[in-house]
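Some notes on the structure that comes next.
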Amino acid sequence: MVKAIVGANWGDEGKGKITDMMAADADIIVRFQGGANAGHTIVNKYGKFALHTLPSGVFYDHTTSVIGNGVALNIPILFKEIEDLVSRGVPMPKLKISDRAQMVMPYHIDFDTYEEARLAGKSFGSTKSGIAPFYSDKYAKIGFQVSELFGDEAVLKDKIERVCAIKNVMLVHLYQKEPLQEKEIFDTLMEYKKVIAPYICDTSLYLWNALKDGKEILLEGQLGSLKDPDHGIYPMVTSSSTLAAYGAVGAGIPPYEIKKIVTVCKAYSSAVGAGAFVSEIFGEEGDELRRRGGDGGEYGATTGRPRRMGWFDAVASKYGCRIQGTTDVAFTVVDVLGYLDEIPICIGYEIDGEITTDFPTTSSLEKAKPVFEVLPGWKTEIRGIKKYEELPIECRRYIEFIEGKIGFPITMISNGPGRDDIIFR
Ligand code: GDP
């Protein structure tokens, strides 16, 4: 059976923790989109880790980690991540990398950095990991697929020449930088070939056979619904689809095999990068939630940037869950809210004098003002509680109120960063 674990919001919902927990009963965990631009923070018996490329199930002996064809594969970062894990006592991951994945090239990172600098105040808030230039090249058919490393060298050299001709016009004339050297690119690719050779296979065939053998497969999404290039807050989005449906494409499995879609939804809001954020809070109110949020504050796992903070947004989350095709909601970081006397929830958007609970496209979203309803807080620590009925009544009311607003069943409640901090309902 295939289960997808994806985000309902802007990312950083705690997908890594839920994946790490659900991986206990899984055989294979697959990354199917995105790259090293976002991170999952995981706290388990080996310590605290920020994963960027490896799937979050990598900490178990019994699981195989798959990097699917849909991923932006940054080879140096991937192997640095593996080294870091192994040096801290985690067993060497059983890893398979798709021969159809494409590679993030060093110049993708440069282009990302130069473009953000060129846009200056109008930038997208990119993590400068090369993701947008990478996916642009993939769809412009000038990306490098892993399989090309193992083909005819003359064909590869010819392609490098073609790619450099395009890239160098931009480098020299738009960004006033030095042109790329063909030989340097070829040598880099040959280095990559050496390190990844033992891990390459047709991962879609591997997954097809695993499904026939009745294996449990998890698809781990990166970022969340609102960063999806089609359904998110375009153009302040990421460059690959963040939706469970894309799991079929980015892993190469039949769409009908995805039976469970666990959408991870955070008990308050946080976002990184630019773009409309209707329930955003500022000043001391925002600072306090940021300080107390997540596991040790709401700061980016990849960049360390402070995240923007807001109250729970039922309009965005209802949409985020719907567009994922949610079967189950995992409601996370509920414990963090235990300090508040009262907790506002954004239940509607006021746009041009009208109130709506439907999430609009970006131009209307920019004008939306939040409509809040305030619920009483529970003013107590809820970490360590294992049964739903043992949660304070105000906490249960908060969860049930939100469940009613989003319209999808909250079947898991995460009340701490650890694997065992989970309440099933
Ligand atoms: P992801 O990208 O969706 O995996 O999310 P991140 O790892 O970037 O951010 C989630 C943060 O919240 C991490 O620091 C987690 O350790 C932490 N976290 C996850 N679930 C909980 C929870 O239920 N309670 C608390 N306090 N922290 C949590």
Side-chain angles (χ1 to χ4, degrees), residues 4-23 29 31 33-59 81 127 129 218-227 238 242 244 262-273 288-309 312 317 320 324 329-340 381-386 391 395 398-399 410 412-425:
I5 300 161
V6 287
N9 312 121
W10 297 264
D12 308 316
E13 297 93 347
K15 294 175 295 295
K17 178 243 158 100
I18 299 294
T19 307
D20 181 55
M21 179 202 94
M22 287 178 62
I29 297 91
R31 281 281 315 265
Q33 46 93 213
N37 50 327
H40 300 292
T41 311
I42 295 170
V43 185
N44 58 29
K45 66 176 181 185
Y46 297 105
K48 182 172 172 176
F49 296 87
L51 296 181
H52 305 284
T53 300
L54 286 167
S56 301
V58 79
F59 296 97
E81 213 165 287
T127 59
S129 312
L218 296 184
L219 303 176
E220 180 182 21
Q222 184 213 36
L223 295 166
S225 302
L226 305 169
K227 293 282 184 180
T238 193
T242 56
V262 176
T263 304
V264 184
C265 187
K266 200 158 163 160
Y268 53 87
S269 300
S270 75
V272 286
E288 176 150 37
L289 186 54
R290 183 178 305 107
R291 261 196 318 275
R292 291 173 176 269
D295 173 54
E298 289 283 355
Y299 301 92
T302 301
T303 57
R305 297 189 278 195
R307 292 176 181 150
R308 296 163 69 190
M309 306 303 298
F312 185 83
S317 300
Q324 288 289 8
V329 175
F331 196 54
T332 55
V333 290
V334 185
D335 52 304
V336 162
L337 300 178
Y339 73 98
L340 291 158
E381 177 62 83
I382 59 161
R383 277 200 201 181
I385 294 179
K386 300 282 174 213
L391 286 171
C395 181
Y398 184 77
I399 294 164
I410 295 177
M412 288 171 238
I413 292 140
S414 174
N415 58 340
R419 250 179 211 173
D420 303 327
D421 299 322
I422 194 85
I423 298 169
F424 293 97
R425 187 166 168 249

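The figures here come from the full heavy-atom set of this structure, side chains too, leaving out hydrogens, waters and symmetry mates. Counting starts at 1 for both ligands and their atoms, in listed order.
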Side chain of [X], backbone of [Y]: donor and acceptor closer than 3.5 Å?
X	Y	value
R31	H52	yes
R307	R290	no
K17	D421	yes
S225	G7	yes
E81	T53	yes

Can you list the atoms of ligand 1 that are under 4.0 Å from a heavy atom of [X]?
X	result
R307	8 (O), 9 (O)
S414	20 (N), 21 (C), 22 (C), 23 (O)
K15	1 (P), 2 (O), 3 (O), 4 (O)

If you measure from [atom1] on [X] to [atom2] on [Y], what distance do you get to the nearest 0.5 Å?
X	Y	atom1	atom2	result
C265	I18	SG	CD1	11.5 Å
L223	D12	CG	CG	7.5 Å
L289	L340	CG	CG	7.0 Å
E298	K266	CD	NZ	3.5 Å

Are any of the N/O atoms in [X] less than 3.5 Å from those in ligand 1?
X	answer
G416	yes
V336	no
K17	no
G14	yes
T332	no

Requested in this report: Would you mind finding which of G296, P417, G294 brings a heavy atom closest to atom 12 (O) of ligand 1?
Outcome: G294
Query - For atom 17 (C) of ligand 1, the option (of D20, I18, T19, D295) bearing the nearest heavy atom - result: D295
Can you tell me if [X] contacts ligand 1 (heavy atom of the residue under 4.0 Å from the ligand)?
X	value
R383	yes
R292	no
V333	yes
G11	no

Query raised in the report: At under 4.0 Å between heavy atoms, which part of M412 makes contact with ligand 1: side chain, backbone, both or neither?
Result: neither
Report summary line: The answer for which part of D335 has a heavy atom under 4.0 Å from ligand 1 is side chain
Query raised in the report: Is L51 close to F59 at the side-chain level, that is, under 4.5 Å between some pair of heavy atoms?
Result: yes
